Amino acid sequence: MADLSQLVELSESLIQAHTLFDKTRCIPLRNRFSRCSRCVDACPVAAITLLPRSLTVDKTSCVNCGSCSTVCPVQALIPLEPSDDDLARATVAAIEAAETMACFACARVMAKRGPDPAKVVTVDCLSRVDESLILGLAAHGVDTIVLADGNCDTCKYKTCGRLSHQIADQTNELLEAMGSSALVISTTGVPEELHTAFDQEALNEERRNLFFHTKEAMTETARHAAAIGLKGATGVDLVAKAAQVMEADPQRHNNLVNALEQLGEPQDVTVSSRCFGSVRIDRDKCTTCNKCVLTCPPKALQKSLVAREDGQGIFFEFNAWKCVRCHLCMNVCQSAAITVEDVNMTEIFQLEPRLIPVPPEPVYQNPGLFWKGDR
């Protein structure tokens, strides 16, 4: 018979985590000078706690809105329900059924009678739908992408609504800057053409599915209990081991750049997007301490091998397409020489990095242990 500690462990294990956290990617944990707290600021239920050397997600409080994974510039928070791959597959199926558009709707909207679940992608919150997914659809010929909410102003998680509207606006700005005719539309409610007539048989089928999924949940409970029992006998936590093999490569930013490239030629316009930035360095303030190039997570800012003809310093090189606008370079610069600005679309697609002149690197003298010079 299981003791109290095993029962507590069982109850905790049954609470499914909606998000995985990869501390090796997290910018504040990698560098103490970082001021990034985007996930904490975006979470509508204060489920995320960021301390100087740790970040925790309270899975009992998490509502699976997806905001934290959307705003994280380095994908340190990895969504599980659904994963990016699962969401992509669901989107393809919905587009094939709808034939006219891609529509994402929050669970609040889909709880109402009317929208056809086969033609609409249901997410717990629209803040889960990020720019890379939308631009990927546009790159594959989807001209209309609808984000249907249930009037976020009346939702208790209204902060997520503001994020989804920001994503829609900035994605439209990127689409226009690439000369694309695709359009992201924010609506209250699912478009009528994606509704279905009331069907009693469909309702009965839904009820049958409910009982079926309940049975599945009970089977899952038994599986967790067996895993915990095996842990006690073998010392191996099978549930934790299964979680360890889950891997997710931070591909969203690369997917976004690839989608933009497929859309056409960039226009000579400056865009305000949270996904891209342009680094500027004030040469008069820079001390060439190299902290910025050493700490840049995506390696967008690097020391260049190109020599300066005047011999008065060195070059840093900046690749705009790599920049995720995390601002870490600004945070670590103690001389306030760096600014991150909005980026011109043509700079994102430049083949060669932009060279930034900086002063010569300081030469540090190490007199040694037995130095006898003047003190």
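What you see is a predicted model, and the numbers here were worked out from it, not measured in a lab. The analysis underlying the following values was restricted to heavy atoms, covering all of them including side chains, and did not include hydrogens, waters or symmetry mates.
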Which Ile, Leu, Val, Met, Phe, Trp or Tyr residues join [X] in one cluster when any pair of side-chain heavy atoms under 4.5 Å counts as a link?
X: F21; result: L29, V40, I48, L50, L55, V57, L77
X: L51; result: none
X: M330; result: V279, I281, V293, L294, L301, I314, F316, F318, I338, V340, I356, V358
X: F315; result: V306, L355

TODO: Before accepting this row, confirm whether a basic side-chain N of the pair E361/K303 lies closer than 4.0 Å to the acidic partner's carboxylate O.
DONE: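 K303 and E361: salt-bridged.
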Open item on the list: How close do C296 and A300 get, counting heavy atoms only, and between which atoms?
Closed with: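 Shortest heavy-atom separation between C296 and A300 comes out as SG-N, 3.2 Å.
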- [ ] Give the minimum heavy-atom separation between P359 and R283, together with the two atoms involved.
- [x]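 For P359 and R283, the tightest heavy-atom pair comes out as CG-O, 3.6 Å.
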Distance, nearest 0.5 Å, that separates [atom1] of [X] from [atom2] of [Y]:
X: Q170; Y: I134; atom1: CD; atom2: CD1; answer: 11.0 Å
X: H18; Y: C62; atom1: NE2; atom2: SG; answer: 5.0 Å
X: H253; Y: C323; atom1: NE2; atom2: SG; answer: 7.0 Å

Open item on the list: What I'd like to find out is whether the side chain of T287 reaches to under 4.5 Å of the side chain of P362, using heavy atoms alone.
Closed with: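 Answer no - side chains too far apart.
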Open item on the list: Could you check whether any side-chain N or O of D143 sits under 3.5 Å from a backbone N or O of A182, counting only pairs where one atom can act as donor and the other as acceptor?
Closed with: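 Flag not set: sc D143 to bb A182 has no pair under 3.5 Å.
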Identify each donor-acceptor pair in which a side-chain atom of residues 116-131 lies under 3.5 Å from a protein atom, sequence neighbours left out, and give them as a table.
| residue | atom | partner | partner atom | Å |
| --- | --- | --- | --- | --- |
| D116 | OD1 | A118 | N | 3.0 |
| D124 | OD2 | N64 | ND2 | 3.0 |
| S127 | OG | C65 | O | 3.1 |
| S127 | OG | S67 | OG | 2.8 |
| R128 | NH1 | D84 | OD1 | 3.4 |
| R128 | NH2 | P82 | O | 2.8 |
| R128 | NH2 | D84 | OD1 | 2.9 |
| D130 | OD2 | S132 | N | 3.1 |
| D130 | OD2 | S132 | OG | 2.4 |
| E131 | OE1 | R274 | NH2 | 2.7 |
| E131 | OE2 | R274 | NE | 3.0 |

Open item on the list: Between S83 and D85, is the side chain to side chain donor-acceptor pair (under 3.5 Å) condition met? List the steps.
Closed with: CA-CA 5 Å; S83 67; D85 289 343; 5.4 Å; no
- [ ] Can you sort out the partners of Q267 under side-chain contact (heavy atoms from CB on, under 4.5 Å), two or more places apart, ordered by chain and number?
- [x]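 Scan of Q267 (side-chain contact (heavy atoms from CB on, under 4.5 Å), adjacent residues dropped) gives V269.
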